[in-house]
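Data block below; observations after.
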Protein chains: 2
Amino acid sequence: MYRIGELAALYDIKADTLRFYEKHGLLSPSSRSDSGYRLYNQDDSERLKFILRAKAVGFSLNDIADLLSIEVDKSNRACAEVKGLVDTKLEQVEAKLAELQHFATSLKSLSNTCCGGPDSAEHCSILEALESSEQHIIAKKEQHHFSHSGHKD
Amino acid sequence: MYRIGELAALYDIKADTLRFYEKHGLLSPSSRSDSGYRLYNQDDSERLKFILRAKAVGFSLNDIADLLSIEVDKSNRACAEVKGLVDTKLEQVEAKLAELQHFATSLKSLSNTCCGGPDSAEHCSILEALESSEQHIIAKKEQHHFSHSGHKD
DNA sequence: ATAAACCTTAGAGTTTAATCCAAGGTCAAG
DNA sequence: CTTGACCTTGGATTAAACTCTAAGGTTTAT
């Protein structure tokens with residue numbers, strides 16, 4: 001059992017944030033002490049981990065509430081309904097995933113292309129990398145660093 | 001060449017948002033008309049696409065400005081400096097990527113586990129799926145659907 | 001040449017997600 | 001039995017990212 005400050009410390013957030021999440025229906029402590037202190041158990045902690053992860057990858061608290069609602073009232077929902085919700089979110093996640101993979105590829109190619117030395121970074125552009133990786137990641141053998149001309153305006 | 005309203009419509013955002021991005025150094029139109037209208041070219045459009053994508057995967061406008069700064073002043077920066085920036089961002093992207101893959105896995109397993117029918121969704125929980133996928137995705141065969149008792153208040 | 005539909009600026013208002021503050025209750029240490 | 005570090009509540013403030021308003025200039029169409 002964690003008290004609010006302990007759980008907050010565990011995830012490097014403020015106790016205020018936990019109260020905020022509670023007020024907004026994202027995470028309630030599973031019990032309270034006699035004196036009314038919030039007491040969070042391991043499940044609560046897992047739930048918080050989920051919330052923070054989802055937030056980190058770009059979901060709003062509302063999105064997250066949707067996702068968590070699947071758990072909260074699972075006994076009141078039909079499987080079909082749940083499946084629909086899950087599949088919708090899955091689409092969103094996979095769209096984000098695709099975007100991120102795109103970014104990662106571009107950043108990697110950028111990092112590789114870049115000489116890493118003290119020279120001017122004339123060819124170092126994420127946008128360039130994104131464009132090229134978008135079109136064809138082929139033609140990426142000739143990475144000498146002096147074809148200054150391939151610059152469209 | 002797009003005018004502000006056209007470009008906004010193209011990406012389903014508000015003209016205001018484009019002015020906001022401009023004020024915050026994220027995207028400036030490459031030219032202006034005689035009467036002072038913003039005129040965006042294809043490169044500007046690509047840049048906007050990048051901004052919106054980065055935003056969608058959880059980067060703040062500040063993060064995005066960092067990333068784009070690589071392009072903006074590329075000729076004024078040393079490759080080493082650029083490489084450092086890129087590699088930092090790449091780490092962030094890969095962390096997000098890992099999180100998202102986690103989510104995707106969980107959601108998929110949830111979707112598969114779920115009967116999809118009109119029955120109560122007693123076993124449908126993202127948290128359950130996350131937990132199990134975190135530990136071991138094994139032991140997922142015994143999915144009878146009737147242990148109604150595990151309900152704590 | 002005037003109305004509708006654009007555009008300009010500066011600045012105010014909104015939403016989301018915290019974060020802080022004030023007034024007071026609780027608890028372990030001395 | 002009081003001090004300090006916790007906790008409670010509710011409401012105010014902040015920051016980011018828009019979103020809107022006001023006052024006016026421009027363009028196109030009739």
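Reminder, nothing fancy here: chain letters follow the sequence lines and each chain counts from 1.
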Worksheet item: Taking only N and O in the side chain of A:R3, is any of them less than 4.0 Å away from OP1 or OP2 of C:dA28?
Response: no
Worksheet item: Within less than 4.0 Å of OP1 or OP2 of D:dC18, is there a side-chain N or O belonging to B:K55?
Response: yes
Worksheet, complete the sentence: Closest to the side chain of A:L61, out of D:dC7, C:dA17, C:dT9, is C:dA17
Worksheet entry | Separation of B:L7 CG from B:T17 OG1 (nearest 0.5 Å) | 11.0 Å
Item to complete: Taking the six-membered ring of B:F50 (Phe, Tyr or Trp), confirm whether the NZ or CZ of B:K55 is under 6.0 Å from its centre and within 45° of its axis.
Response: no
Worksheet entry | Minimum-distance nucleotide (side-chain atoms of A:K14 versus C:dC20, D:dC6, C:dC6) | C:dC20
Fill in: N/O (side chain, A:R38) to phosphate O (OP1/OP2, D:dC7) under 4.0 Å
no
Practice prompt. Just call it for B:S33: base, sugar-phosphate, or nothing, with non-hydrogen atoms closer than 4.0 Å on any strand.
Written response: nothing
Item to complete: Kindly point out which of D:dT9, D:dT19, C:dA18 is positioned nearest to the side chain of A:Y21?
Response: C:dA18
Item to complete: Would you mind reading off the distance between B:L18 atom CG and C:dC6 atom P, rounded to a whole angstrom?
Response: 15 Å
Worksheet entry | Rounded distance (Å) that lies between atom P of C:dC7 and atom CD of B:E22 | 13 Å
Item to complete: Answer yes when B:E22 and B:R32 have at least one side-chain N-carboxylate O distance shorter than 4.0 Å, and no when they do not.
Response: yes
Worksheet item: In terms of side-chain heavy atoms of B:S35, which of C:dT8, D:dT9, D:dT27 is nearest?
Response: D:dT27
Worksheet item: Does A:R19 put a side-chain nitrogen or oxygen below 4.0 Å from OP1 or OP2 of D:dT8?
Response: yes
Worksheet, complete the sentence: Quick note, B:D16 side chain, CB onward, closest among C:dC27, D:dC18, D:dC20 is D:dC20
Worksheet item: Starting at CG of A:L26 and ending at P of C:dA17, how long is that distance when rounded to a whole Å?
Response: 9 Å
Worksheet item: Less than 4.5 Å apart, any side-chain heavy atom of B:L39 and any of B:D44?
Response: no
Response to the item:
Rounded to whole Å, CG of B:D12 lies from P of D:dT19 at a distance of 11 Å
Worksheet entry | Rounded distance (Å) that lies between atom C1' of C:dT26 and atom CG of A:L39 | 13 Å
Discussion item. Could you tell me how far apart A:N62 (CG) and C:dT15 (P) are, to the nearest whole angstrom?
Written reply: 13 Å
Worksheet item: Given atom CD1 of B:I13 and atom C1' of D:dC20, what is their separation to the nearest angstrom?
Response: 16 Å
Discussion item. Do A:Q101 and B:L97 make a side-chain contact, defined as non-hydrogen atoms from C-beta onward lying under 4.5 Å apart?
Written reply: yes
Discussion item. Could you tell me how far apart B:E6 (CD) and D:dT28 (C1') are, to the nearest whole angstrom?
Written reply: 14 Å
Worksheet, complete the sentence: Quick note, B:I4 side chain, CB onward, closest among C:dC7, C:dA17, D:dA17 is C:dC7
Fill in: Position toward the 5' end of DNA chain D (nearest nucleotide), A:G36 or A:K23
A:G36
Fill in: Within 45° cone and under 6.0 Å: B:K14 NZ/CZ vs B:F20 ring
no
Worksheet, complete the sentence: Picking from C:dG25, D:dA17, C:dT9, the nucleotide nearest the side-chain atoms of B:F20 would be D:dA17
